[in-house]
**Q** 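Please find one structure pasted underneath; my questions will follow.
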Amino acid sequence: MQLRKLIDSPYGLRFILDELCTHSSYSRKLLLESTMMHDRESIEKSYSVLKEFYNVVENDDNKNAIQTLQFKLCKLKDINNTISRLSSSTVIDDIELYEVKSLALFSADVKNILEKLNLINVIEIPTLDDVVNILDPDGLRIATFYIYDSYSEELAVLRKKLKEKDFYQEEIYNKVMEVEDAIRAKLSEALKPFVHDLCEALNALADVDLNLAKALQMKELGLCFPTISNDNVATYKGIFHPEVKNILDKDKREYQKVDIQFGMKPVIIMGANMGGKTIVLKTLAMSQYLLQFGFGIPADSAEMMIYDEIFCLTTDDQSLNKGLSSFAAEMKNIDVVIKASHDDKKIFALIDEPARSTNPTEGTALVSSLVKLLQDKDMSLIIVTHYNIKTYNNKCLRVKGLENGKMNYELVETHEGEVPHEALNIAERLGVAPQWIQMAKEILEEGR
C-alpha cells in the first residue's frame with residue numbers, strides 16, 4: 001500500500017501530510033510513493049534515524065544550522081531522468097551536466113552541515129568529489145556549467161580565433177561545435193561509473209529532508225515515538241486526533257485525550273452520539289498508518305502492534321457512489337473484513353456503528369454475531385456501537401458521558417447492556433426545543 005492512496009482517507013492523514021514541511025518536491029514525491037512497512041526491523045530502523053534528527057531539533061543551539069540546512073534542501077531537484085540517460089551511455093547535454101554538477105556540490109554542502117549537527121553517520125550520503133572534479137576543472141566550486149576552455153587546448157585556440165574575427169567564420173564555428181560535442185561525450189563516459197552514487201546521493205538527500213520535516217512536526221504537534229509491543233497488546237496513553245485538536249486549539253477550547261488498551265480480541269466501545277467514539281476510531285486507524293510509514297504518533301505514549309492489513313470502516317466512508325444503499329454498502333465493506341480474516345494475515349479492523357442503517361432489532365443481532373464470528377481470528381477488532389449487544393465476554397468500553405453538564409470522553413470498562421442513555425441530556429444541553437425533550441421523556445416514562 002502506497003501512502004499516496006491513503007491521503008484522502010477519512011482518518012486525518014491529509015492534515016498530517018499538509019503540516020509536514022518538506023523543502024523539496026522530490027522528497028514529497030518519494031514520501032507519497034513509499035510503501036507501508038510490515039516488519040519490525042524496518043520500522044525500528046526508521047525510528048532510530050528519526051530519533052537522531054529529533055534530538056537535533058530539540059536542541060535550540062542547532063537552530064541556525066537547521067535553518068541553513070532547510071535553505072539548502074530547497075535546491076534538491078529530481079534528476080533521475082538525467083542519471084538514467086547517463087546509465088544508458090547517452091551523451092547528456094549542458095543542462096544535464098549542470099544538474100549533475102549541482103547535485104554533487106549540493107551534496108557536499110549538506111554533508112558539511114550534517115557533520116556539524118553530528119548526523120553525518122545517520123544517513124549515509126556518497127562522496128561525489130570525483131564528480132565535481134570532472135565537471136569543475138577550474139576548481140571554481142560554482143553551481144554553473146560550461147564547456148570550459150580547460151577541457152581542451154584546441155577548443156581554447158578555436159574560441160580565441162572566433163573572437164578575433166570581425167565576421168562570422170562558419171568553418172571555425174563548426175569545428176568548435178565538433179570539439180564541444182566530443183568533450184560532452186567524454187564527460188558523459190567519465191561520469192557513467194558514478195551513476196549508482198548519484199542515485200544514492202539523491203535519495204539520501206531526500207531522506208534528510210523527510211526526517212528533518214518529520215522531527216520538526218513531532219515537536220510542533222507534540223507527537224511521540226512508539227515502541228513495538230512484544231505481547232500482542234497495544235497501549236495508548238493520552239491519544240489525540242491532531243486535526244481536531246488543532247481546530248479546538250484555535251477556538252481556545254481544550255481537547256480531552258483518552259487512554260485505550262486492546263489486544264487480539266474484540267473491543268466494543270459503547271456510548272451515546274457526540275461521545276467522541278468515532279474520533280477515537282479514526283485516531284487509532286491514523287496512528288497505525290503513521291507507525292507503519294514511520295511518523296510520530298499522536299499520543300503521550302504508545303506501545304503498538306504491527307499488522308499486515310488495516311481496515312477502518314467509518315460512517316463517512318460509504319460506497320453510495322457505486323449505486324449501493326447505506327446498508328448494502330456497509331454490509332459489503334464488512335464482508336471484505338470477514339473474508340480477509342480467513343487469510344493467514346494479522347489484521348487490525350475498526351468498524352464504526354455497523355448495521356446502523358437498519359432497525360435496532362436486526363442491527364443488534366448483526367453486530368453481536370459479527371463479534372462472535374471474529375473473536376477467535378488473528379486480528380484486533382474494535383467496534384463502535386450504541387446497540388446493547390451481546391459481547392461474548394470480550395472487552396467492553398464506554399464513554400463516561402455527561403458529568404456536571406460537561407462531556408467526559410474518558411473510556412471506562414463496562415459490561416454488556418450498560419450503554420448510557422445520554423441522548424436526551426445531550427439534546428437538552430444543545431438547547432433544542434424543550435417541548436420536544438419533555439415529550440420524549442414522558443414517552444420514555446410510559447414505556448417503563
Side-chain angles (χ1 to χ4, degrees), residues 3 6-22 31 47 50-51 53-54 57-58 210 212-227 234-262 267 269 271-304 310 312 314-317 348 350 352-353 382 384 397-412 422 426 429-430:
L3 183 56
L6 297 166
I7 295 177
D8 291 317
S9 60
Y11 325 132
L13 286 172
R14 177 168 285 282
F15 175 81
I16 294 293
L17 294 177
D18 286 347
E19 293 294 308
L20 188 71
C21 187
T22 52
L31 176 64
Y47 279 114
L50 182 55
K51 183 69 173 178
F53 277 81
Y54 184 78
V57 303
E58 276 280 89
L210 291 173
L212 180 61
K214 287 180 179 179
L216 289 167
Q217 182 181 68
M218 288 187 68
K219 183 178 180 181
E220 178 69 22
L221 298 181
L223 311 181
C224 75
F225 284 95
T227 58
T235 305
Y236 292 88
K237 297 291 185 182
I239 194 171
F240 64 95
H241 194 287
E243 185 174 8
V244 177
K245 185 176 184 299
N246 181 64
I247 293 169
L248 293 178
D249 287 346
K250 287 179 180 178
D251 290 341
K252 300 190 184 306
R253 295 160 63 194
E254 185 179 354
Y255 185 104
Q256 184 182 347
K257 300 179 181 181
V258 298
D259 301 341
I260 187 170
Q261 184 179 79
F262 56 88
V267 173
I269 302 179
N273 292 330
M274 291 185 61
K277 304 183 302 299
T278 298
I279 292 297
V280 171
L281 212 67
K282 290 182 177 181
T283 306
L284 290 173
M286 175 179 60
S287 297
Q288 194 62 46
Y289 282 119
L290 291 178
L291 169 77
Q292 295 188 225
F293 281 102
F295 286 78
I297 306 300
D300 294 336
S301 67
E303 183 176 5
M304 304 173 65
I310 304 165
C312 184
T314 65
T315 53
D316 47 8
D317 186 28
F348 190 24
L350 305 104
D352 186 22
E353 297 285 3
I382 299 181
V384 163
L397 304 173
R398 70 171 177 85
V399 178
K400 209 162 192 181
L402 279 173
E403 288 184 343
N404 302 317
K406 183 179 179 181
M407 279 297 296
N408 183 342
Y409 297 102
E410 180 184 350
L411 296 175
V412 294
E422 300 278 19
I426 293 173
R429 186 168 177 265
L430 289 172

**Q** If a pair satisfies salt bridge (Lys or Arg N to Asp or Glu O under 4.0 Å) and one of its residues is in residues 286-298, list it, with sequence neighbours excluded.
**A** none
**Q** Can you check whether Glu243 reaches Arg14 side chain to side chain, under 4.5 Å on heavy atoms?
**A**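 They are not in contact (no side-chain heavy atoms under 4.5 Å apart), so the answer is no.
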**Q** Can you tell me how the ring of Phe262 sits relative to the ring of Phe348, calling it parallel under 30°, perpendicular over 60° and tilted otherwise?
**A**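 Correct class here is parallel.
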**Q** Please assess Ile16 against Met286 for the test side-chain contact (heavy atoms from CB on, under 4.5 Å), listing each intermediate value before the final yes or no.
**A** CA-CA 9 Å; Ile16 294 293; Met286 175 179 60; 4.1 Å; yes
**Q** Which side-chain hydrogen bond (donor to acceptor under 3.5 Å, both in side chains) pairs, counting each pair once, include a residue from residues 291-304, with sequence neighbours left out?
**A**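 Sorted result for residues 291-304: Lys257-Asp300, Gln288-Gln292.
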**Q** In terms of the angle between their ring planes, are Tyr11 and Tyr289 parallel, tilted or perpendicular, with boundaries placed at 30° and 60°?
**A** parallel
**Q** Can you check whether Val412 reaches Arg398 side chain to side chain, under 4.5 Å on heavy atoms?
**A** yes
**Q** Taking the side chain as every heavy atom from C-beta outward, state whether Arg253 and Ile247 have any pair of such atoms under 4.5 Å apart.
**A**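 No, every pair of side-chain atoms sits at 4.5 Å or beyond.
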**Q** Between Leu223 and Ile297, is there a side-chain heavy-atom distance shorter than 4.5 Å?
**A**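 They are not in contact (no side-chain heavy atoms under 4.5 Å apart), so the answer is no.
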**Q** If you define the side chain from C-beta out and look only at heavy atoms, does anything of Val399 sit under 4.5 Å from Lys277?
**A** yes
**Q** Determine the minimum heavy-atom distance between Pro10 and Thr314, stating which atoms define it.
**A**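 Scanning both residues completely, I find the closest heavy atoms to be CG-OG1, 3.6 Å.
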**Q** Provide the closest heavy-atom pair for Tyr255 versus Leu248 in the form atom of the first, atom of the second, distance.
**A** CD1-CD1, 3.6 Å
**Q** Under the side-chain contact (heavy atoms from CB on, under 4.5 Å) rule, what do Asp259 and Leu411 come out as? Steps first, then yes or no, please.
**A** CA-CA 7 Å; Asp259 301 341; Leu411 296 175; over 6 Å; no
**Q** When rounded to the nearest 0.5 angstrom, what distance separates NE2 in His241 from CZ in Phe15?
**A**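 Here the rounded value is 9.0 Å.
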**Q** How long is the straight-line distance from CG of Asp249 back to CD of Glu254, given to the nearest 0.5 Å?
**A** 9.5 Å
**Q** Might you point out which heavy atoms bring Ala299 and Phe240 nearest each other, and give the distance in Å?
**A** N-CE2, 3.5 Å
**Q** With a 4.5 Å heavy-atom cut-off, do Pro298 and Leu221 have their side chains touching?
**A**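 A side-chain contact under 4.5 Å is absent here.
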**Q** Which heavy atom in Thr283 sits nearest to a heavy atom in Ile279, and how many Å separate them?
**A**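 Heavy atoms of Thr283 and Ile279 come nearest at OG1-O, 2.6 Å.
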**Q** How long is the straight-line distance from SG of Cys224 back to NZ of Lys237, given to the nearest 0.5 Å?
**A** 13.0 Å
**Q** Taking all heavy atoms of Glu19 and all of Gln217, pick out the closest pair and write down the distance.
**A**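 Result for this residue pair: C-NE2, 3.5 Å.
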**Q** Enter the distance from Leu397:CG to Gln261:CD here, rounded to the nearest 0.5 Å.
**A**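 The CG atom of Leu397 sits 10.0 Å away from the CD atom of Gln261.
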**Q** List for me each residue that meets side chain to side chain contact (heavy atoms under 4.5 Å, CB included) alongside Leu17, sequence neighbours excluded, and say none if there are none.
**A**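 By the side chain to side chain contact (heavy atoms under 4.5 Å, CB included) rule, Leu17 matches Leu3, Ile7, Arg28, Leu31, Leu32, Phe295.
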**Q** Identify the two heavy atoms, one from Leu284 and one from Tyr236, that lie closest to each other, and give their separation to 0.1 Å.
**A**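 Looking at all heavy atoms of both residues, the closest pair is CD2-CE1, 3.5 Å.
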**Q** Within the structure provided, determine whether Cys21 and Leu216 are in side-chain contact (heavy-atom separation under 4.5 Å).
**A**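 Not in contact.
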**Q** Rounded at 0.5 Å granularity, tell me how far NZ in Lys51 sits from CZ in Phe225.
**A** 5.0 Å
**Q** Run Phe293 and Leu13 through side-chain contact (heavy atoms from CB on, under 4.5 Å) and show every step you take.
**A** CA-CA 11 Å; Phe293 281 102; Leu13 286 172; over 6 Å; no
**Q** Do Ile260 and Ile269 come close enough that some side-chain heavy atom pair is under 4.5 Å?
**A** yes
